[in-house]
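Notes for the one structure printed next.
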Amino acid sequence: MLSALEAKRTELDDKELKKSLEAEAGDPTLPSLPFRVGRVHPITQVMNEITQIFLGLGFAVAEGPEAETDENNFGALNFLPDHPARDMHDTFFVKSSPLLLRTHTSPVQIREMKAAKPPVRIIAPGKVYRHEAIDATHSSVFHQVEGLVVDKGVSFADLKGTLEMFVRRFFGADVRTRFYPSYFPFVEPGAQMDISCTVCAEAKAKNGSSCPVCKGSGWIEMLGAGMVHPNVFKAVGYNPEEVSGFAFGMGVERISMVRYGVADMRLFYGNCLDFISQFVR
Amino acid sequence: MKISLNWLEEILGSKVPASPKEISEKLFSLGFEVSSVTTYPKVTGVVAAKILGIEKHPNADKLRLAKVTDGSITETVVCGAPNIESGQVVFWARVGAVLAEGMEVKKAAIRGVESPGMLCSLKELGVGDSHAGIWVLDEKVPLGSAVQELVSLEDAVFDIEVTPNRPDALSITGIAREIAAAFNVKWAPPHYKFETRASLSFYPVDIEDRGGCSRYVAKKFSNVSVRSSSPKIQARLIRSGIRPINNIVDITNYILLETGQPLHAFDADKLEGGKIVVRRARDKEKILALDGKTYDLDTDILIIADTKRPVAIAGVMGGEATAVTGETKNILLESAIFSRGLVRYGKNKLKLSSESSYRFERGVSRWSVQAGSDAAEALIEENAGGRIEAFSNVQSNPDEKVPSLTVRNSYIQGVLGEKVLITEIAQIFQKLGVTVQSSSDEGLTVQSPEWRVDLDLEADYAEEIARVRGYQRIPSQGRMVRLPETAGQAGKFYSLNRVRSAFSALGFDEALNYGLVSRESAEAVLPKDSWAELENPLASDHSVLRPALAIELLANLKSNLSYQKKDVRFFETGTVFHKEGDKVTERLRAGAVAAGKSQDASWQVKNPSDIDFYWIKGAAEEVLKRAGVSASFVKGGESSVSKLLHPVYYMAVMGDGKKVLGAFGVIHPAIAKKWDLPSGTVILEIDLFTTEWSSKYESIRKISLLPEIERDCSFWMKKETPWEAVHSEIESVLGTVLKACRVFDVYADPSKPGHKSLSFTLTFQHPEKTLSDDEANALRDKAAAALAKKFGAELRKK
C-alpha cells in the first residue's frame with residue numbers, strides 16, 4: 001500500500017519535472033562565456049617539446065650568457081682567427097666591451113666541458129644573434145637547441161641513433177633521415193641531417209611534388225652535427241685520446257616553420273595577437 | 001662555384017658514367033651541395049663566317065644586310081645588331097640550324113628581304129644572357145668551322161656550394177678528383193712538369209715579407225699578341241660568370257677556374273725597374289686598381305710592388321697602371337701563395353673581394369701554385385704566341401716535407417662506430433690521392449695529397465673514409481650510456497614554464513622579441529651609462545641591448561591596438577642587459593603589459609571593469625606565488641623600470657632579503673603620452689630565479705570542517721590610512737581565528753572631508769569549535785576597538 005503510494009508520487013513528480021523542462025526556453029547554442037587564457041608562443045612550445053624529449057633521453061639542460069667572449073663563441077670552437085669560416089657567422093659586437101652576442105648556442109658546450117668532467121650529456125636551448133638583415137627566411141635573432149654528448153667510446157653511430165630517435169619522437173615514427181658531410185669547424189667528421197618532408201612525403205612518392213616546404217626535393221634540412229673536433233677537446237682540457245663525443249645544433253624557428261606551415265619567419269617576432277592566439281595546444 | 005661537366009670530362013679524359021642527376025646526388029653525399037644544374041642543348045648548323053660587306057636594308061632603318069662567307073658559300077643575311085662590321089668573323093646559323101632554345105632556323109623574308117639564316121648573339125647559342133650584339137670572334141678562327149668543334153656548347157653546369165674547409169674543390173680539377181674517386185673513373189691527373197728552368201734568365205723577385213708570401217713563381221713571356229680569346233675559352237668563362245677581356249687576362253681566369261690557383265698577369269714593360277717586390281704597403285701609399293677605384297693602403301696590407309710603387313694588392317686585385325692591354329708585348333705571370341690572414345685583412349679593409357681573394361683566404365696549395373703556372377704557360381704559348389724568357393721560383397721552405405701521420409684502425413672504428421677493413425681504407429685513400437707510406441697492424445701511415453690543405457688530423461681522415469663510403473653506411477645505434485650525475489637535470493626549464501603557465505592562466509599571451517631597442521627608448525628607462533650598446537647595429541632602432549622587457553612589450557601592445565584589438569595582454573620571459581662600469585650583466589626576467597577590460601565582454605557580462613593597478617597587483621601576486629617566491633610589495637622603492645611607472649600607482653616587489661626584484665604599476669602619464677599608449681596601461685617586470693626564488697615546497701595548513709561565520713563592518717577613517725596597516729592590525733588583534741578579511745567597498749563622502757569609508761567582511765573559523773553569533777560579534781568589536789585606538793577609526797552604525 002505504502003509502496004504503491006510512493007510509486008504514484010514519483011510518477012507525479014516525474015510528470016511535473018517533465019512539464020517544466022519542456023517549458024524551458026533556454027538556447028544552449030548561444031555563445032559560451034569567453035574564458036580568457038593566454039597562449040604560449042610557438043617557439044617556446046617547440047623548444048619545450050625538444051627539451052622534454054632530450055630530458056627523457058638522459059640529457060641535462062645547460063645554459064650560458066647571450067653576451068659571450070670571442071674565445072667561447074669562436075676560438076675554443078676551432079674557428080681560427082681570420083679564417084673564412086667566421087664569415088658563416090656574421091657577428092654583433094658590444095660597444096666598448098670585449099663581448100659579442102653569441103652567434104650560436106655552441107659556446108655552452110665550452111662552458112659545460114670547462115666546468116665538468118665526462119660523461120657529459122647536455123642540451124642548451126637559447127637565443128642567438130646574427131648580423132644579418134631580416135627577411136622571410138633570415139632573422140638577426142633566432143633560437144637554437146645545442147646538444148653535446150661526451151664519454152668514452154662515443155661514435156658517429158651513436159650520433160645517428162640518438163638523432164634518429166629524437167626526430168621520430170618529434171615528427172612521428174615514419175619520418176626518415178639522411179646524413180651527409182658538411183663543415184662546422186668544431187666537429188670532424190661534420191654532418192648535416194635531413195628529414196623526409198613531413199608535408200609532402202607521401203604525395204611526392206606518388207606523383208612528384210611542388211611542395212613549398214621542401215621545394216619538391218622530399219627532404220628538409222634539419223640540423224648540423226658531427227663528432228667533437230679534437231681541438232675543441234684540447235681547448236677545454238679534455239684528452240681526445242680518452243674521450244670522444246658528438247654535438248648537434250638545430251634552429252627552432254626552422255623546425256617551427258615546418259611544423260606549423262609558417263612561410264615567413266618574421267611572423268614569430270611580429271607579436272600579432274591573431275597569430276599567437278592560434279597556438280592553442 | 002659553377003662546374004661545367006664537359007670541361008670536367010675534358011680534364012678526366014673520359015665521360016663520367018652517370019647522368020647529371022646521379023652526379024648531383026653523388027656530390028651531395030660527398031659534402032658538396034648542388035644548388036642547381038643547368039643543361040645546355042646541342043647547337044647544330046652554325047658555322048664561323050666572315051662578313052665581307054654591309055649594306056642598308058631597303059625597307060627598314062634598324063636592319064642591315066650582311067654579306068657573309070663560310071669560305072665556300074657566300075650569301076646575304078639580314079641582321080639587326082648594331083655591332084657588326086665588315087671583316088668580322090661571326091657565327092652564322094644557316095637554314096636548318098637548331099639553336100640553343102630549340103629554335104630551328106628557317107628561310108624567311110624579313111621586311112621583304114630573304115635571309116638565308118641569321119648571325120648569332122651569345123644568347124642564341126646558349127652561352128650567356130646577352131642579346132645585345134652579335135658574338136664577334138677572333139679573326140683567326142677558320143671559316144666554315146662548325147660551332148660544335150669550336151665551342152663545347154652541349155653541357156651540364158652544376159652550381160656547387162663548397163664549404164670553407166675545401167679550397168681544393170674550388171676548381172674544375174678539384175671536383176674532377178672527387179667525381180673520379182666516387183665513380184671509380186681511372187684518370188691520369190693533369191701532369192705538370194714543374195721544373196726550375198736553369199736555362200732561362202732569373203726574373204728578380206724580392207720577397208720582403210716572408211710571412212706574407214711563402215712562394216712566388218714568376219714567368220716572363222715575350223712577344224705575346226693580345227687579342228680576344230678562342231670561342232671555347234670565352235664561352236666557358238661566360239658560363240662561369242666571368243666576363244672575357246683579352247686572351248691573357250682570360251687565360252689567368254680560365255686557369256683559376258681549372259686549377260683553383262689565382263694568377264695575375266702584369267704588363268712586364270710597365271714594371272719599373274723590371275723587378276717584383278712583395279712587401280707591406282707603406283703609409284699613405286695608394287693604388288688605382290683594375291676596378292677603376294683608388295684605394296688607400298695601410299702598413300698591414302700585403303702588396304706587390306715594382307721598384308717604385310704598388311702594382312697589385314696581393315691576392316686581391318691588380319693595378320691599372322700595369323694592366324695588360326691591347327698594346328702589351330711582354331707579360332709577367334704571377335703564381336703565388338699569400339698568407340690567408342693578410343689577404344683576408346686586405347679584402348676586409350678595402351671592402352674589395354674577388355675570385356682570387358676568395359681562394360687565397362681559404363688557402364691555395366703547393367700543387368695549385370705549380371699547376372696553375374704551368375697550365376697558364378701552355379695556354380699562353382698556344383693562344384697568345386708568347387715565349388717564356390725569364391723565370392723565378394722563390395720559396396721560404398723549398399725542402400719542406402708533407403708530414404706523415406698514422407691513421408689507426410682502432411681510431412677509425414671508435415669514431416665511426418664500425419670496423420672498416422684496412423683494405424677498403426687503403427682503396428679510399430688511393431682514390432683520393434692520399435699517399436700510403438706503410439701499413440701495419442696498427443693502421444696506415446699516410447701523407448696528405450699536395451692539393452689538400454685540410455687534412456691534418458686522424459679525425460680529418462675519418463671524415464674522408466666516412467664521406468667516400470657514404471654516411472648512410474654508418475650504423476645507427478643507441479648505446480648503453482653512462483648517465484652523468486646531471487642526467488635529466490632541467491635547470492630552469494620547469495620553473496620557467498611554471499611562470500609562463502601562470503601568465504597564460506591570467507590571460508597573457510606570450511610575446512617574443514628581438515631584445516634590441518633604440519637609444520631613445522632605452523634612455524626613457526635607465527640612464528645612458530647603465531645599458532650596453534652594439535658596436536655594429538643593423539638599424540638605429542635596434543642598437544641597444546634591451547635594459548627592460550617593457551620597451552618592446554609596450555610596442556607590441558601598441559601595434560595590436562592599432563590593428564583594432566581592444567584587450568591586449570602580453571608577457572615575455574627573456575634576458576635584459578645592464579652595464580655596471582665596463583661590465584655587462586645579464587638578468588633573466590619576466591615582463592608583462594596589459595590594457596583594456598579585465599574580462600572579455602559577453603552577452604552575460606556586458607560591461608566588465610577596466611584593467612587597472614589592482615588588477616596587475618593581483619597578477620603579480622599570482623605569478624610570484626606560482627613561482628614560489630615570498631615577496632612583499634612596497635610603495636615607492638626604486639627599480640630598473642620605475643621611470644616607466646606612475647608615481648602613485650606603482651609598487652616595488654621586494655624579496656625576503658630586502659632586495660628589489662622588480663615592480664609593477666600603471667604607466668607613467670608622461671610615457672603614455674610620449675609613446676602614444678592608453679593611460680590605463682599596466683606594466684609588470686620582475687627578475688627571475690634570483691636567490692629569492694625557492695624550489696622548496698611548504699607543508700600544508702590543517703583543513704577545518706567547522707562552519708565559518710562572517711561579520712561585515714564599515715569604518716570612517718582618515719583618508720591617508722593605508723589598508724595594509726589596517727589589515728595587519730586586525731590580523732594581529734584577532735590571530736588565527738580570523739580566516740579571511742575581504743574589502744568590499746571604499747568611498748569618500750563630501751560630508752566627511754579628509755576621510756574615507758572602508759567596508760570589509762571578516763570571516764572567522766575556530767580550529768576546534770563552532771563559533772556562536774555572540775562570539776563572532778565580540779571578535780568584530782575587538783577589531784573595532786583596536787582600529788579606533790590605533791587609527792581613530794569610527795565604526796559606522798547600520
Side-chain angles (χ1 to χ4, degrees), chain A residues 30 33-34 36-41 43-44 48 51 55 58 60-63 65-67 82 84-85 92-97 99 119-121 131 133 140-141 151 153 155-158 160-162 164-165 178-183 188-189 191 227 229-230 244 268-269 271-273 276-277, chain B residues 28-31 163-165 341 344 361-362 414-418 457 459-460 462-463 466-467 471 474-479 481-484 486-491 493 497 500 503-504 507-515 532-536 538 556 560 565 569 575 584 586 600 602 604:
Chain A
L30 273 169
L33 266 183
R36 189 171 175 123
V37 176
R39 304 302 173 190
V40 175
H41 197 283
I43 295 297
T44 306
N48 280 349
T51 304
L55 280 171
V61 178
E63 58 182 27
E66 291 170 20
D82 265 327
F92 282 114
F93 297 95
V94 180
K95 209 179 218 173
S96 47
S97 156
L99 301 178
V120 174
R121 206 170 169 77
H131 193 261
S140 47
V141 174
D151 199 353
S155 74
F156 201 109
D158 301 313
K160 281 178 84 170
T162 307
E164 281 168 359
M165 171 86 78
R178 66 172 183 186
F179 289 82
Y180 52 96
S182 191
Y183 171 65
E188 186 77 35
M227 301 303 293
H229 198 287
S244 58
F268 291 124
Y269 294 88
N271 297 313
C272 171
L273 281 181
I276 298 173
S277 62
Chain B
F28 177 81
S29 80
L30 287 167
T163 50
N165 58 327
R344 186 172 160 82
E361 61 175 324
R362 281 161 178 73
V415 170
L416 303 185
E418 69 168 330
L457 305 172
D460 300 321
E463 179 173 86
R467 205 167 63 86
Y471 279 15
I474 299 174
S476 67
Q477 68 182 32
R479 266 174 83 252
V481 291
R482 268 204 301 162
L483 287 181
T486 54
Q489 269 183 17
F493 176 71
N497 279 327
R500 289 195 184 105
F503 278 114
S504 141
F508 288 90
D509 289 300
E510 189 181 16
L512 193 58
N513 283 294
Y514 293 123
E533 269 184 280
L534 288 176
E535 181 71 48
N536 55 339
L538 278 167
N556 301 151
N560 279 281
K565 296 280 178 271
R569 302 172 197 173
T575 310
V584 178
E586 291 183 27
D600 290 355
S602 72
Q604 283 181 310

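Residue numbering restarts at 1 for every chain, and letters A, B, ... go by the order of the sequence lines.
Scanning both residues, P181(A) and S29(B), for their nearest heavy atoms gives CD-O, 2.9 Å. In terms of heavy atoms, L416(B) sits closest to P475(B) at O-CD, 4.3 Å. Between P189(A) and E463(B), the shortest heavy-atom contact is CA-OE2, 3.3 Å. Listed here is the closest heavy atom pair of G414(B) and S155(A): O-CB, 3.0 Å.
I276(A) touches chain B through its side chain: at least one heavy atom from C-beta onward sits under 4.5 Å away, while N, CA, C and O do not. Only the side chain of N560(B) comes within contact range of chain A, with at least one heavy atom under 4.5 Å from a heavy atom of that chain. Heavy-atom distances place the side chain of L99(A), and not its backbone, under 4.5 Å from chain B. For a residue to count as touching a neighbouring chain, one of its non-hydrogen atoms must lie under 4.5 Å from one of that chain's; by this rule F268(A) touches chain B with the backbone only. Of the atoms belonging to R467(B), heavy atoms from both backbone and side chain fall under 4.5 Å from chain A. Contact annotation for T486(B): both backbone and side-chain heavy atoms come within less than 4.5 Å of a heavy atom of chain A. Only the side chain of L457(B) comes within contact range of chain A, judged by heavy atoms closer than 4.5 Å. Both the backbone and the side chain of Y514(B) come within contact range of chain A, with heavy atoms under 4.5 Å apart. If you measure heavy-atom distances from E586(B) to chain A, the contacts under 4.5 Å come from the side chain alone.
Chain B forms more heavy-atom pairs under 4.5 Å with one residue of H131(A), E63(A), M227(A), H229(A) than with any other, namely H131(A). Among P34(A), P84(A), A62(A), the residue with the largest count of heavy-atom pairs under 4.5 Å with chain B is P84(A). In terms of heavy-atom pairs under 4.5 angstrom with chain B, the leader among M165(A), R178(A), E66(A) is E66(A). When the candidates A532(B), A511(B), S476(B) are compared by the number of heavy-atom contacts under 4.5 Å with chain A, S476(B) comes out ahead. Your options are R500(B), Q604(B), E418(B), and the one with the most heavy-atom pairs under 4.5 Å with chain A is R500(B). Here P230(A) is the residue among P230(A), S97(A), S182(A) with the most heavy-atom pairs under 4.5 Å with chain B. Of the residues considered (L538(B), T163(B), V415(B)), L538(B) shows the highest number of contacts with chain A, using heavy-atom pairs under 4.5 Å. Among N513(B), L512(B), L534(B), the residue with the largest count of heavy-atom pairs under 4.5 Å with chain A is L512(B). Contact tally against chain B (heavy-atom pairs below 4.5 Å) for V141(A), N271(A), V61(A): the top residue is N271(A). Between chain A and the residues G417(B), A487(B), A459(B), G491(B), the largest count of heavy-atom pairs under 4.5 Å involves A459(B). Chosen from D600(B), T575(B), N536(B), the residue pairing most often with chain A at heavy-atom distances under 4.5 Å is N536(B).
With hydrogens and angles disregarded, a donor-acceptor distance shorter than 3.5 Å links the side chain of K160(A) to the backbone of I474(B).
Evaluated for a ring pair (Phe, Tyr, Trp, His ring centres under 6.0 Å) with Y471(B), the options Y180(A), F179(A), F156(A) yield exactly one hit, F156(A).
The distance from atom CZ of R569(B) to atom CG of D509(B), rounded to the nearest 0.5 Å, is 9.0 Å. Between R36(A) atom CZ and F508(B) atom CZ the span is 9.0 Å, to the nearest 0.5 Å. Of the inter-residue distances, the one linking R344(B) atom CZ with E361(B) atom CD reads 5.5 Å to the nearest 0.5 angstrom.
Not counting sequence neighbours, E164(A) has no partner by the salt bridge (charged side-chain N to carboxylate O under 4.0 Å, His left out) test. With sequence neighbours left out, T44(A) forms a side chain to side chain donor-acceptor pair (under 3.5 Å) with E510(B).
V37(A) places a side-chain heavy atom less than 4.5 Å from the side chain of S504(B).
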